[in-house]
Protein chains: 2
Amino acid sequence: MIMARPQKYQREKVIDAAQALFWQKGYQATSVVDLQSATELKPGSLYKAFGNKDGLLQAVLENYSNNTLLFIDSLTEKHSSVMAVLEVFLNRQIDRSCEKDAEGCLLVNSLLELQGYKPQLETEVKQQLLRVQVRFAQLIEQGIKSGELSDKMDASGKATAIMTVVWGLSVMSRMSPNKTHLQTFCDDFLATMSS
Amino acid sequence: MIMARPQKYQREKVIDAAQALFWQKGYQATSVVDLQSATELKPGSLYKAFGNKDGLLQAVLENYSNNTLLFIDSLTEKHSSVMAVLEVFLNRQIDRSCEKDAEGCLLVNSLLELQGYKPQLETEVKQQLLRVQVRFAQLIEQGIKSGELSDKMDASGKATAIMTVVWGLSVMSRMSPNKTHLQTFCDDFLATMSS
DNA sequence: TATTTTATTGAGTGATCATTCAATAACTTT
DNA sequence: AAAGTTATTGAATGATCACTCAATAAAATA
């Protein structure tokens with residue numbers, strides 16, 4: 001393999017910097033000039049690496065949802081009970097929602113911003129969100145089989161419920177919510193899932 | 001009062017047309033040219049009437065949240081029990097979320113799109129969302145006093161919970177959700193509120 | 001060292017954006 | 001009917017946008 005003139009920049013760092021910007025300001029409000037400053041990439045390099053602004057967002061979204069899946073997996077390894085995993089995950093969402101300048105979930109933000117405007121990116125975001133939902137469904141399936149979770153609703157239904165709560169928290173994070181209120185809400189919700 | 005050259009257009013119709021556009025495409029993706037076509041207003045008239053694009057969105061948001069409050073009030077008049085009001089409201093949210101090209105809640109969409117980009121409009125959106133949340137808190141307060149709702153959590157906490165669910169449904173509406181799953185989720189949620 | 005290959009550079013491009021304003025038209029008042 | 005008032009009109013403006021590309025620089029190979 002011929003390799004003349006290797007890349008000076010680190011792809012990971014570039015994606016992280018871009019992610020921070022897209023998360024703070026959203027897709028449209030983030031100009032390519034902003035991205036050039038944050039990533040310290042000249043326009044030509046940026047377009048060489050990611051095609052265009054859409055391609056950069058796509059790389060960011062993949063990175064973001066990969067991290068989410070990795071986090072779920074790490075919780076699954078750490079805790080033996082499925083309920084514990086759900087509880088810890090929700091509590092982290094609550095903590096994030098109550099931070100001072102909480103920005104919610106990048107995937108949710110992107111989904112709502114890009115609806116009916118960038119169909120291709122919208123599809124991409126939906127797929128990433130579905131990946132997370134499916135991972136939860138798999139986890140819950142185990143919990144139902146082991147008898148830990150009730151079998152009143154199937155795993156798919158329970159996963160839908162949990163995603164609705166998580167995404168609700170993501171929106172709520174923009175409203176300076178009361179932490180105790182959210183905790184009580186999530187406790188009650190989790191109670192409806194266990195057997 | 002001197003009135004030479006009265007307005008040719010109807011302010012309500014203009015706001016409705018603008019609302020439809022903002023709802024479909026979001027604030028940034030809706031160009032002033034789009035708004036001119038939809039409202040059949042020339043740029044000068046539009047700016048005379050609303051100041052600028054932000055002013056038009058503000059008028060739309062006020063109109064939107066007024067309608068939401070009116071809807072809650074109409075349910076309150078129609079049903080004697082608070083639980084019935086909450087149930088009907090949530091069921092309408094579910095129905096909307098499962099429509100073919102569901103667009104979620106305009107206020108939620110706007111909140112997430114404008115975060116960290118248009119602080120003034122963001123504040124406006126938060127206020128409109130809070131108006132709705134407060135109206136629910138007042139309604140729930142009655143339900144607690146009458147003993148219909150449990151007093152385990154105060155009215156403010158219960159209102160936070162319900163808004164989290166409603167906003168979660170608003171996001172979920174973009175994901176072609178399963179109606180039965182949402183209904184079961186909301187039934188279980190309402191059960192945690194009653195005494 | 002000379003050649004080849006490829007990433008980097010950054011000024012430049014055309015399109016689109018929100019917004020303005022002087023001219024005009026329509027309605028009321030006198 | 002004339003004068004006065006104000007909404008309407010639409011071409012024009014300047015700014016910003018995402019994006020391009022020919023020139024250049026740096027590393028690997030011969």
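Since the structure is predicted, the reported quantities are computational estimates derived from the model, not experimental observations. Chain identifiers are assigned alphabetically (A, B, ...) following the order of the sequence lines, protein sequences preceding nucleic acid strands; residue numbering begins at 1 within each chain.
Here the rule is side chain to side chain donor-acceptor pair (under 3.5 Å) with Asn63(A), and of Gln58(A), Gln19(A), Glu12(A) only Gln19(A) fits it.
If you measure from atom CZ of Arg5(A) to atom C1' of dT24(D), you get 8 Å, rounded to the nearest angstrom. Summarising the geometry, the separation between NZ on Lys118(A) and P on dC17(D) is reported as 15 Å, rounded to the nearest angstrom. Atom OH of Tyr47(B) is separated from atom C1' of dG10(D) by 14 Å (rounded to the nearest Å). Taking atom OH of Tyr9(B) as the reference point, atom C1' of dT6(D) lies 12 Å away to the nearest angstrom. We find that CD of Gln7(A) is positioned 11 Å from C1' of dT6(C), with the value rounded to whole Å. In this structure, Glu40(A) places its CD atom 14 Å from C1' of dT8(C), rounding to the nearest Å. Between the CZ atom of Arg11(B) and the C1' atom of dA7(D) there is a distance of 15 Å, rounded to whole Å. In this structure, Gln28(A) places its CD atom 12 Å from C1' of dC17(C), rounding to the nearest Å.
Side-chain contact check for Ser31(B) and Asp34(B): at least one donor-acceptor pair (N or O, by modelled atom type) lies under 3.5 Å. Side-chain atoms of Lys158(B) and Ser150(B) form a donor-acceptor pair, as typed in the model, at a separation below 3.5 Å. Between the side chains of Gln128(A) and Arg131(A), a donor-acceptor pair is found at a separation under 3.5 Å.
A distance-only check finds no donor-acceptor pair linking the side chain of Tyr117(A) to the backbone of Gly26(B) [under 3.5 Å].
Closest to the Lys53(A) side chain, of the nucleotides dC19(D), dT9(D), dT19(C), is dC19(D). For Lys48(B), the listed nucleotide lying nearest its side chain is dT8(D); candidates were dA27(D), dT8(D), dA7(C).
The residue Ser31(A) sits close only to the backbone: its heavy atoms come under 4.0 Å of sugar-phosphate atoms, none of a base. Across all strands shown, Val32(A) has heavy atoms under 4.0 Å from sugar-phosphate atoms exclusively, and none from any base. In this structure, Phe50(A) reaches neither bases nor backbone, as no heavy-atom distance under 4.0 Å exists between it and the strands shown.
The phosphate of dT8(D) (OP1 or OP2) has no side-chain N or O of Lys8(B) nearer than 4.0 angstrom. The side chain of Lys42(A) places no N or O atom within less than 4.0 Å of a non-bridging phosphate oxygen (OP1 or OP2) of dT8(C).
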